[in-house]
Amino acid sequence: MSANFESTIAQRAQALGSSTLYEASGLPTAVDPAIRPLWRGAFIAAPAFPLECSPGDNLALHLALERAPKGSVLVVGTGNFVAGYWGEVLTVAAQAAGVVGLVIDGGVRDIQAIEKLGFPVFSRGVSVKGTVKATAPSIGESMPFNGAQVAPGDLVVADDDGVVIIPRAEVERTLAEGEARADNEARMMAALRAGSTTVELMGLKRQEVGQ
């Protein structure tokens with residue numbers, strides 16, 4: 001994908017948000033909701049670069065920063081082991097390498113510094129405990145990730161609602177269906193402001209209390 005094309009996709013994804021894109025995809029794209037933004041307002045819409053770390057070992061992250069394409073987001077499996085895999089030093093290294101975000105099912109630390117640097121991170125937790133640097137199970141390979149699948153180049157969208165990973169082949173369809181969904185919701189909200197009810201607009205069955 002060209003840089004301009006990726007920028008257009010990111011703008012469309014940000015306008016829709018992760019929840020709308022999840023509904024529009026019709027696929028198991030949602031990541032475990034326990035993986036949350038490190039700071040409010042963090043946003044990512046970028047191609048995935050997956051990797052796996054051994055529990056309590058962050059060597060794969062250091063190696064990935066030498067291999068990840070510019071403009072990508074690191075999607076990191078740790079076996080849900082919460083430790084401080086990532087901190088200020090790796091954030092600075094990532095920004096220098098052109099990596100635009102991190103989604104990790106483990107932990108991070110140096111959260112004030114990361115927020116000050118404006119680097120979007122989505123993690124399972126925060127931990128002061130550091131890691132060793134000994135093994136790198138996989139870098140740049142497809143893998144299951146906390147309820148979704150991720151392959152290099154898949155679209156990762158992460159915001160305050162959560163994280164979705166959309167297969168590369170499904171991105172354009174999902175964006176188009178998401179935009180149609182957003183248009184329908186905009187018309188519904190206009191009707192609600194004009195006095196209609198959700199029961200009427202959604203064709204819901206009325207049932208009196210006590211019946």
Side-chain angles (χ1 to χ4, degrees), residues 1-51 68-78 80 94 98-106 108 114-115 118-124 140-192 198 201-203:
M1 284 188 266
S2 69
N4 287 340
F5 184 56
E6 288 184 2
S7 176
T8 299
I9 287 175
Q11 291 170 3
R12 293 170 70 190
Q14 185 166 21
L16 294 169
S18 62
S19 293
T20 294
L21 289 170
Y22 168 72
E23 297 291 352
S25 73
L27 299 168
T29 57
V31 169
D32 184 350
I35 298 174
R36 301 296 304 155
L38 193 62
W39 45 275
R40 188 172 177 82
F43 174 77
I44 300 170
F49 187 78
L51 62 132
K70 289 186 177 181
S72 61
V73 51
L74 303 183
V75 179
V76 186
T78 71
N80 299 327
V99 169
V100 300
L102 172 73
V103 177
I104 183 169
D105 65 12
V108 297
I114 292 171
E115 182 175 3
F119 188 77
V121 169
F122 290 72
S123 71
R124 186 173 295 280
E141 298 178 10
S142 302
M143 65 182 191
F145 185 74
N146 294 270
Q149 293 285 323
V150 61
D154 288 348
L155 177 63
V156 179
V157 179
D159 56 23
D160 286 332
D161 281 353
V163 182
V164 295
I165 302 174
I166 303 167
R168 187 171 183 168
E170 299 290 340
V171 168
E172 183 54 42
R173 177 192 65 80
T174 299
L175 288 170
E177 294 190 14
E179 287 161 349
R181 185 183 182 89
D183 289 343
N184 287 336
E185 289 182 351
R187 287 191 288 270
M188 178 181 288
M189 287 184 279
L192 290 169
T198 55
L201 295 172
M202 294 182 177

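Note that the structure is a prediction, hence the values are computed from the model and not measured. Worth knowing before you read on, the calculation uses all heavy atoms, side chains too, and leaves out hydrogens, waters and symmetry mates.
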- request: Please round to the nearest 0.5 Å and tell me the distance separating atom CZ of Phe122 and atom CG of Asp159.
  value: 6.5 Å
- request: Can you sort out the partners of Asp183 under side chain to side chain donor-acceptor pair (under 3.5 Å), two or more places apart, ordered by chain and number?
  value: none
task: Give the minimum heavy-atom separation between Val76 and Phe145, together with the two atoms involved.
output: O-CE1, 3.2 Å
message: Tell me the closest heavy-atom pair linking Val163 and Ala158, and the distance in Å.
response: CG2-CB, 3.8 Å
- prompt: Taking atom OG1 of Thr29 and atom CD of Glu23, what is their separation to the nearest 0.5 Å?
  reply: 9.0 Å
message: Among residues at least two apart in sequence or on other chains, which ones pass salt bridge (charged side-chain N to carboxylate O under 4.0 Å, His left out) with Glu141?
response: none
- request: Could you walk me through whether Asn80 and Asn146 pass the side chain to side chain contact (heavy atoms under 4.5 Å, CB included) test, one step at a time?
  value: CA-CA 9 Å; Asn80 299 327; Asn146 294 270; 2.9 Å; yes
message: Can you list everything that forms a side-chain contact (heavy atoms from CB on, under 4.5 Å) with Leu201? Sequence neighbours excluded, please.
response: Met188, Ala191, Leu192, Ser196
query: Donor-acceptor pair, Asp160 side chain versus Gly41 backbone, under 3.5 Å?
result: yes
query: Rounded to the nearest 0.5 Å, what separation is found between the CD atom of Glu179 and the OG1 atom of Thr20?
result: 10.5 Å
query: Residues two or more places apart in sequence or in another chain: which of them pass salt bridge (charged side-chain N to carboxylate O under 4.0 Å, His left out) with Glu115?
result: none
message: Just to verify, what does Phe119 make a ring-ring contact (aromatic ring centres under 6.0 Å, His included) with, not counting sequence neighbours?
response: Trp86
field: All salt bridge (charged side-chain N to carboxylate O under 4.0 Å, His left out) counterparts of Arg173, not counting sequence neighbours
entry: Glu170, Glu177
statement: residues 33-43 vs salt bridge (charged side-chain N to carboxylate O under 4.0 Å, His left out), sequence neighbours excluded, gives none
task: Considering non-hydrogen atoms only, spot the tightest contact between Ile165 and Pro167 and give its length.
output: O-CD, 3.8 Å
- prompt: Between the side chains of Asn184 and Arg181, does any donor sit under 3.5 Å from an acceptor?
  reply: no
- prompt: In Å, rounded to the nearest 0.5 Å, how long is the span from CD1 of Ile104 to CD1 of Ile35?
  reply: 9.0 Å
- request: Name all residues meeting the side-chain contact (heavy atoms from CB on, under 4.5 Å) criterion together with Phe49; count only those two or more places apart in sequence or in a different chain, and write none if there are none.
  value: Leu51, Ala64, Arg67, Ala68, Pro69, Ser72, Leu74, Ile139
- prompt: Sequence neighbours excluded, which residues qualify as side chain to side chain donor-acceptor pair (under 3.5 Å) partners of Ser123?
  reply: none
- prompt: If you look at every heavy atom in Ala13 and Phe43, which pair is closest and at what distance?
  reply: C-CZ, 4.4 Å
query: Would a distance-only check, ignoring hydrogens and angles, find a side-chain to backbone donor-acceptor pair under 3.5 Å from Asp105 to Gly77?
result: no
Residues forming a side-chain contact (heavy atoms from CB on, under 4.5 Å) with Ala46, sequence neighbours excluded: Ile44, Val73, Val100
- prompt: Any side-chain donor paired with an acceptor under 3.5 Å for Ser18 and Asp161?
  reply: no
- request: Return the set of residues passing salt bridge (charged side-chain N to carboxylate O under 4.0 Å, His left out) with Asp32 (not counting sequence neighbours), or none when no residue passes.
  value: Arg124
Please output the side-chain donor-acceptor pairs of residues 147-156 that fall under 3.5 Å, not counting sequence neighbours, one pair per line with the distance.
| from | atom 1 | to | atom 2 | distance (Å) |
| --- | --- | --- | --- | --- |
| Asp154 | OD1 | Arg168 | N | 3.0 |
| Asp154 | OD2 | Ala151 | N | 2.8 |

